[in-house]
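Lettering follows sequence order; numbering is per chain, from 1.
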Amino acid sequence: MRRYVAARVGQSLIVVLLVTTVSFFLIRLAPGDPFSFAGEMAMNPAVRDRLRAQFGYNRPMVEQFVLFVGNVARGRLGYSHSMHRYVGDVIVDVLPRTLLLMSVALLLSFVIGVAVGALQALRRGTWLDRMLSSVLLAFYSIPDFWLALMALLALGYWVPIFPAGGMVDQIMHDYMSLGGRIRDVAAHLVLPAITLALLSAAGIARYQRDALLDVLPQDFVRTARAKGVGERMIVLKHALRNALLPVITLLGLSLPSLVGGAFFIEKVFAWPGMGYVAANAIASRDYDLVTGTVIAGGIVVTLGSLLADLLYAAADPRLRAR
Amino acid sequence: MQPPIRVSAPAERLAASGLASAVTSAQIPPDEPARARRTPTALWWSLAFIVLLCLIALFAPLLAPYSPNEQLDIVGLKTRPPSFAHPLGTDQYSRDLLSRLLFGARISLSVAMLAVLLSATVGTAYGLVAGYLGGRVDAIMMRLLDACLSIPRVLLLVALLALWSPVPLGALIAIIGFTGWFEVSRLVRAEVLSVMQRDYALAARALGTPGLRIVWRHVLPNVLTPVFVAATLGVANVIILEAGLSYLGIGARAPTASWGSIFFDGSDAFQTTWWIALFPGLAIIMTVLAFNVFGTALRDALDPHQLAGGDAR
């Protein structure tokens, strides 16, 4: 067990290093540097050389790379010229908002996914199973940003049940009581979280259904059936317990798509998290901020899947024994 | 956004850790017999729809009532809702939305298909080499693959395209293609390993058939079927991916109509001009759905194991 944990932690560190390396070379291979303007913006070559020397652009690539990795390790991700702040500070501000949205969405998607998958396995082969399968495939085929925009259009504008974007009520939030503030954020959270959850629930439900169908023909289920346990109890108590285990792995695997989905969903709902900041950074060509959010996103995904694997190891006695 | 391919990973991981017997039992519960008859119907319908889409994309210049980038009347026809003259309305530059959607089909479909062709080719080659050579080479190649797989694709694409944009369409296809082959090569390698153990491959080897000939005659034909299924589902993924990138403003370049860039045009003032955002989305959903149904139906039809246990989704 200890060896397994050590190996997984080491593997995660390598991945983070890899993400950092890729980001570095993406920046360095991109055309030009911050001082190479064309046309009337072009600099005097002497000034440009001095600036390049001042910011270290004239040093050997290897040295620059080591410096870059060292800076990332210390949380120095550069300066965002569009927000006039250090990228590290911006990420510290926005990351919790993304994590809030993601964790609520993750929880929702697992509840929905496991419930639908279990229902399908319980009613396997019936019209309900087939209909749910079709509905799930349809959901899986919807682009996340489109569903988000349509949800916002229908429930934010046409029938304004929910606030139309943002994370808090811009005007009133500061004057609310603590309970009022929580309710305010929760109301703003509903649409983005449900949209994000519905899209990943489709994959989870399918996986849960198949995992249950794999468990159902096994001996202990036959024993339970022979004892006269009802079909509902068999699926919900005997089979689901065993079929839930592989679903934990999905937790880690659905993170990349959740982080990716957050990019689009946050932009649509103006949820001021990492995806929203990154989308704005792209629009204003704020390269440091883009790479900073990408590195931070990579770290979140890596940590998440590490956590999922450790959780799995802790929950599975067969792995725990090793 | 890629559950259907991703989802197989935990099972693989379990199989690799030697716990497979506990989770993937050989027996499969009896499913309804009607499915065997139902699958081909879904297969043919989705295939017909995909062919229709390709024809529409191919003959877009003949079908489209206007030129996709023509600004018809920048005052009188600015953001008009759907009408008889413009069945899907016009956008903020007075361009006919139907014409843009028809031409957008060309970009969206060709980007997705070419990118997937590229990643399927690269992935198959990589998987074949790793699976065939085996041993230490295989181990190193697979470690490398694991590392590549753990970088979220959307983040990688966003970083790449944000720094390099605007990129020409060819580069966009190459970038999407070269970031999408990891899953395919893993699939191919597993298939190679299993085929190499089968009797006919062993017999061929025993008869002294050269290794490359075994790969060409015995392994490749067996590998192509799952690759084709994965590629079909991959096209569906890439259509959404390309649309998403265009929505962030880093996909297809500005005047070019792709379903994603049309949506991008409509997303700013969507409260009032909802049709600009609604219709490209519907086009994407129908297309992606067709590819997903086709891919899963094909998998079920070709793979008897899946037929009994799986479903047509």
Item checked: Test side chain to side chain contact (heavy atoms under 4.5 Å, CB included) applied to A:W146 and B:I284, step by step -> CA-CA 9 Å; A:W146 187 83; B:I284 293 171; over 6 Å; no

Next item on the list: Fit a plane to each ring of B:Y247 and A:F145, take the angle between them on a 0 to 90° scale, and name the class: parallel (under 30°), tilted (30 to 60°) or perpendicular (over 60°).
Entry: parallel

Note to self: Counting only non-hydrogen atoms closer than 4.5 Å, does B:L278 touch chain A with its backbone (N, CA, C, O), its side chain (CB onward), both, or neither?
What the structure shows: both

Next item on the list: Pick out which of B:T287, B:V288, B:V293 makes a side chain to side chain contact (heavy atoms under 4.5 Å, CB included) with A:S141.
Entry: B:V288

Margin query: So for B:A236, is it side chain, backbone, both, or neither that comes closer than 4.5 Å to the heavy atoms of chain A?
Written below: neither

Margin query: For a side chain to side chain contact (heavy atoms under 4.5 Å, CB included) check, start with the C-alpha distance between B:V158 and A:I282, then their side-chain angles and the critical distance, and finish with the verdict.
Written below: CA-CA 9 Å; B:V158 164; A:I282 291 170; 3.5 Å; yes

Margin query: Please classify the contact of B:L289 with chain A as side chain, backbone, both or neither, using a heavy-atom distance under 4.5 Å.
Written below: both

Next item on the list: For A:W158, look at atom CH2 and say whether over 12 heavy atoms of other residues, nucleotides or ligands are found less than 6.0 Å away.
Entry: yes

Next item on the list: Test side chain to side chain contact (heavy atoms under 4.5 Å, CB included) on A:Y140 and B:N237 and set out the steps.
Entry: CA-CA 10 Å; A:Y140 182 69; B:N237 271 331; 3.4 Å; yes

Note to self: I want to check something: taking the side chain as every heavy atom from C-beta on, are B:L155 and A:V259 in contact at a cut-off of under 4.5 Å?
What the structure shows: yes

Notebook entry, point to check: When heavy-atom pairs shorter than 4.5 Å are enumerated against chain A, which of B:G244, B:A243, B:G249 gives the highest number?
Noted result: B:G244

Notebook entry, point to check: If you round to the nearest 0.5 Å, how far is CZ of B:F263 from CG of A:L149?
Noted result: 4.5 Å

Checklist line | Interchain contact, B:L157 with chain A, by part (heavy-atom threshold 4.5 Å) | finding: neither

Checklist line | Choice from A:V19, A:I14, A:V268 maximising heavy atom contacts with chain B below 4.5 Å | finding: A:V268

Item checked: Interface residue of largest heavy-atom contact number with chain B, from A:L153, A:L132, A:L147, under 4.5 Å -> A:L153

Checklist line | Nearest non-hydrogen partners of B:A159 and A:V290, listed with the distance | finding: CA-CG1, 4.3 Å

Note to self: Less than 4.5 Å to any heavy atom of chain B: does that hold for the side chain of A:L136, its backbone, both, or neither?
What the structure shows: neither

Next item on the list: Return the option, out of A:L258, A:T293, A:L152, A:I295, with the maximum number of heavy-atom pairs under 4.5 Å with chain B.
Entry: A:L152

Next item on the list: Return yes when atom OH of A:Y276 has more than 12 non-hydrogen atoms of other residues, nucleotides or ligands closer than 6.0 Å, and no otherwise.
Entry: no

